[in-house]
Protein chains: 2
Amino acid sequence: MAQSNAETIQSVADKVGVSTTTVSRVLNGKAETYRISKRTEERVLQTATEMGYIPNQVARGLRNKRTNTIGLIIPDISNPFFSTIARNIEINARKAGCSTILSDSQEDTQLEKESLRLLQGRKVDGLIICPVGEISAHIEPVLHKNIPLVIIDRYFPELDCTYVISDNYKGAFDAVSYLIENNHRTIACIQGRARTSVNHERVQGYRDALKKHGLPLDESLIIGESFGKKNGYIGAKILLNRTPRPTAIFSTSNLISLGAMGAILEEGLSIPDDISMISFDDQPYSDYLITPMTTIAQQTDEIGHIAFKLLETQINHEMNQDMKPRIERIVLPTKLVIRKSVKTLKK
Amino acid sequence: MAQSNAETIQSVADKVGVSTTTVSRVLNGKAETYRISKRTEERVLQTATEMGYIPNQVARGLRNKRTNTIGLIIPDISNPFFSTIARNIEINARKAGCSTILSDSQEDTQLEKESLRLLQGRKVDGLIICPVGEISAHIEPVLHKNIPLVIIDRYFPELDCTYVISDNYKGAFDAVSYLIENNHRTIACIQGRARTSVNHERVQGYRDALKKHGLPLDESLIIGESFGKKNGYIGAKILLNRTPRPTAIFSTSNLISLGAMGAILEEGLSIPDDISMISFDDQPYSDYLITPMTTIAQQTDEIGHIAFKLLETQINHEMNQDMKPRIERIVLPTKLVIRKSVKTLKK
DNA sequence: ATGAAAGCGCTAACAG
DNA sequence: CTGTTAGCGCTTTCAT
């Protein structure tokens, strides 16, 4: 560490000619409480400013058992869906005086597990995690240690834990219903990572919408295995070569849609004339795609904001040894944003 | 903090029946160095695992004056350009055993300044900062305190500091030259935030390309004031209503381009038939826009990767009290990705 | 109205 | 081969 910044509370105390105790009290706004003279207070404050003294948060953390730090684990921060969430979490955390340690799990459960350990070692006051989502065994211990925790985007039915998610089921149901209302009958679904709640609910919404409208379910029209672009490309490539070709694709993520568009263009087909499409996740560019994309928008800003607020509540309870706050299960509604990627077929 | 996780090195030592020193040594892989018996070593290791002991990094940080933590300040983490950089930094940092504290400055110099203070208080081992970029006065002290620092994307000529940036000048020059080669003569430029190096160099590249090809410079064709979407919309709106209308727009950011596209569509015009466009920043969706966008691609993955490596070098020098490593100025080439948004005009 | 001293959990001299 | 002890910078109890 830079030795020129060797300023400690001691050096401030020396300069003013008081004890470290007094400096600490003043700097923590407890001058009133300890009835420190106005004069002393002012001198301490001024000297600290002059010296450019910055309190050592590492030492404070050790002493206080509170680091004013939260951990954030995200599967892929370069995905705009997640980075928007991260942004809102960081901004709200900072407002509350908290720093955010970021960990990108790269959609890898093992890395997620390591991050969890790492962040515990760093004594974060709480954790917001968007889990890879296939298993939850590694998350349970965190819960048992009473470390404040909020899960976002994906959740685990078996885990008794506060979460903030979108209404994926209804979002998917609405989307597929919209396709059906436009007289589509052969509707494919490119799914994301299997055994995640997000995927499960979106696919279930798809199934149920078909069922509700009395359409048969063809399992071979459900294809795919990750939320990435490549998976979208591969899935669409396969679907487009089926006979009869599906008249519409329901895509379960923004990245999948991009990949699928690539495949569709490559096959010389056009949206929505040859094939209709509807995609989860609204994006700033959705309006400007070759065919403006009809999407299911999630409240990304709100997810981050709410997640942090909920975490903050838990942290404060924890610190005050209060009764544990209740477990919150927040489900945010989605919204169908209709553009031009769905064609109304003739009956 | 969760008291059930009250495990300290002491508790491990007690259980094994050795001193904390021994446990510390074993856990830090110094068993060899201190010639600790294989048997003791194994027992310590096993007991620690059994107890689920996680070393307290806050205490280690205080003692070692090395926190294995870096600070990352970014103007807008939700912008895919920055989030890609952040991702690469985090991934490489973690590989090196470093955690990343993220700070979103929201393109606000004041917040950037506060983040700087905050991160110093947290005793980060080093700092990677993508500055808002108009002024550098608040960054100088960091340099003087010998805190390892790497600046990315934007830089300050007056600051003697390692940086990693794109060759913005040449990128812009190439882009505008390409327009000129396609016989465009009235080329507008929607610029970003004034008084940032990025903007300055991109605009300079624009000017010089015109000059080099013997075209007159019309200052009123340079418009705009931020890198955001809204600025692109406003800028394009104004430009489109000029007579004669420019035949091409050079847009200095991905977000500006999106906004500009909005304005162009709204005016009922099409790219490139009515107006050509070329944009800084290649994006996963660039291929799938209404008109596939011709872009100037930056090496985003490399920026993050190189920035961390450079920071790591500085940190290691600092720790070993070596001579200061030399200041590196890395300029990465850009690449023109030709798609369909530029029309070849008749001579 | 202020200070002395203990201790948060860890590591590194120094000692044997 | 292992342990004792001091101390990183801070806050807080207890004392005055």
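A, B, ... follow the sequence lines: proteins, then strands. Residue 1 opens every chain.
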Ignoring backbone atoms, establish whether [X] has a side-chain N or O less than 4.0 Å from OP1 or OP2 of [N].
X: Thr22(B); N: dT2(D); answer: no
X: Thr8(A); N: dC8(D); answer: no
X: Lys30(A); N: dT12(D); answer: yes
X: Lys65(A); N: dT11(D); answer: no
X: Thr20(B); N: dG9(C); answer: no
X: Ser37(A); N: dT2(C); answer: yes

Provide, to the nearest angstrom, the distance between the [atom1] atom belonging to [X] and the [atom2] atom belonging to [N].
X: Lys123(B); N: dG9(D); atom1: NZ; atom2: P; answer: 8 Å
X: Gln10(B); N: dC10(C); atom1: CD; atom2: P; answer: 9 Å
X: Ile54(A); N: dC10(D); atom1: CD1; atom2: C1'; answer: 16 Å
X: Arg63(A); N: dC10(D); atom1: CZ; atom2: C1'; answer: 7 Å
X: Arg122(A); N: dG9(C); atom1: CZ; atom2: P; answer: 17 Å
X: Asn56(A); N: dC8(D); atom1: CG; atom2: C1'; answer: 9 Å
X: Leu62(A); N: dC10(C); atom1: CG; atom2: C1'; answer: 8 Å
X: Ile36(B); N: dG16(C); atom1: CD1; atom2: P; answer: 19 Å

Would you classify [X] as touching base, sugar-phosphate or nothing, given that sugar-phosphate means primed atoms plus P, OP1 and OP2, and contacts are heavy atoms under 4.0 Å?
X: Val58(B); value: nothing
X: Arg60(A); value: sugar-phosphate
X: Lys38(A); value: nothing

Out of dA1(C), dG3(D), dT11(D), whichever nucleotide has its closest atom nearest the side chain of Asn64(A) |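 Output: dT11(D).
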
Could you tell me whether [X] and [Y] make a salt bridge, using a distance below 4.0 angstrom between a side-chain N and a carboxylate O?
X: Glu42(B); Y: Lys38(B); result: no
X: Arg154(B); Y: Glu107(B); result: yes
X: Glu312(B); Y: Lys309(B); result: yes

Checking only heavy atoms, does the side chain of Arg25(A) share a donor-acceptor pair with the base of dT13(D) at less than 3.5 Å?
->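 Yes, the side chain and the base share a sub-3.5 Å donor-acceptor pair.
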
Quick one: the side chain of Thr21(A) and the base of dA4(C), do they pair up donor-acceptor inside 3.5 Å?
->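 Indeed, a donor on one side and an acceptor on the other fall under 3.5 Å apart.
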
Of Ile9(A) and Tyr34(A), the one whose closest DNA chain D nucleotide lies more 5' =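 Between the two, 5'-proximity favours Ile9(A).
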
Closest-nucleotide ordering on DNA chain D, the 5'-leading residue of Ala59(B) and Asn28(A) |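 Of the two residues, Ala59(B) wins.
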
Answer with yes or no whether the side chains of Thr40(B) and Ser37(B) bring together a donor and an acceptor at under 3.5 Å.
->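 Result is yes, a qualifying pair exists.
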
When rounded to the nearest 0.5 angstrom, what is the spacing between CG in Asn88(B) and CD1 in Ile306(B)?
->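 Interatomic distance, Asn88(B) CG to Ile306(B) CD1, rounded to 0.5 Å: 10.5 Å.
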
side-chain contact (heavy atoms from CB on, under 4.5 Å) partner of Asp125(A), chosen from Asn316(A), Thr67(A), Ile147(A) =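 So the option named by the test is Thr67(A).
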
